[in-house]
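Worth knowing before you read on, the calculation uses all heavy atoms, side chains too, and leaves out hydrogens, waters and symmetry mates.
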Amino acid sequence: MADPTLYTYPSPLEGYQALEPLPDEKAADGKSYVNPPAEKKSEAYTSFVSPITNGPRGGFDIHIYFLQSEPEELKFATELWERIRREFPELRIYKIWDRPLGPHPIGMFEVNLFTPEQFGAFIPWLVINRGPLSALIHPNTDEEERDHTQRATWMGQPLPLNLRLFKKRGNK
């Protein structure tokens, strides 16, 4: 994981300053809050927020890892790869790599997500169906190293990535 002090962060309230205070009213469950209705639904339901790519590259990459030297994991990964191709044919799915590739330290395959709808469907599905495998979920922006580290999310056991590739490219 990247050191968060290496980056700057705009206020999450940017564009929402000087609004009416939020109500303190509790919802029927007695724990959560009642929110005022929005004028319109957030655009994040239909397109990824900037600087995440909304184009042909895809907004998110999912790297699903397996120990290529373990026949059971390789078998499970191959079966998962086939199932994803059958159940989510609209996603872009790459070949299974049975060796380290780029920053990825062990065997893996990659799935690209293009819309928030795909993200909302595929990620919960993967939570349940990934079995013993780990998965790296990262956005695609113009900052590849940051996307693979500080902006990344892991399912399962995080793995150490080989970040030298990004350093050689001068990518941050």
Within this structure, what is the [atom1]-[atom2] distance for the pair [X] and [Y], rounded to the nearest 0.5 Å?
| X | Y | atom1 | atom2 | value |
| --- | --- | --- | --- | --- |
| Ile64 | Phe109 | CD1 | CZ | 3.5 Å |
| Ile123 | Thr153 | CD1 | OG1 | 8.5 Å |
| Met155 | Leu136 | CE | CG | 10.0 Å |
| Leu163 | His148 | CG | NE2 | 9.0 Å |
| Thr149 | Arg146 | OG1 | CZ | 8.5 Å |
| Glu110 | Ile96 | CD | CD1 | 13.0 Å |

Check: [X] side chain, [Y] main-chain N or O, donor-acceptor pair, under 3.5 Å:
| X | Y | answer |
| --- | --- | --- |
| Asn140 | Gly58 | yes |
| Glu72 | Glu70 | no |
| Gln68 | Gly107 | yes |
| His104 | Pro100 | no |
| Tyr9 | Pro4 | yes |

Heavy-atom closest contact (Pro105 atom, Pro160 atom, distance):
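Closest approach of Pro105 to Pro160, heavy atoms only: CG-O, 3.2 Å.
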Ring centres under 6.0 Å, that's the criterion: do Phe122 and Phe88 meet it?
yes
Assess the pair Tyr65 and Trp154: is the distance between their ring centroids shorter than 6.0 Å?
yes
A cation-pi test, strictly: NZ or CZ of Arg92 under 6.0 Å from the centre of the six-membered ring of Phe114 and no more than 45 degrees from its axis. Yes or no?
no
Would you kindly check if the NZ (Lys) or CZ (Arg) of Arg85 is within the cone defined by 45 degrees around the ring axis of Trp81 and under 6.0 Å from the six-membered ring centre?
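Yes, Arg85 and Trp81 form such a contact.
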Within-4.5 Å side-chain heavy-atom neighbours: Asn112 and Leu91
no
Any donor-acceptor pair under 3.5 Å linking the side-chain atoms of Thr141 with those of Asp147?
yes
Residues, nucleotides or ligands: over 12 heavy atoms within 6.0 Å of Glu43 CD:
no
With sequence neighbours left out, which residue pairs that include part of residues 18-51 fulfil the ring pair (Phe, Tyr, Trp, His ring centres under 6.0 Å) condition?
Phe48-Phe60
Using salt bridge (Lys or Arg N to Asp or Glu O under 4.0 Å), reason through Glu79 and Lys75 one step at a time and then give a plain yes or no.
CA-CA 6 Å; Glu79 290 173 355; Lys75 180 179 185 291; 2.6 Å; yes
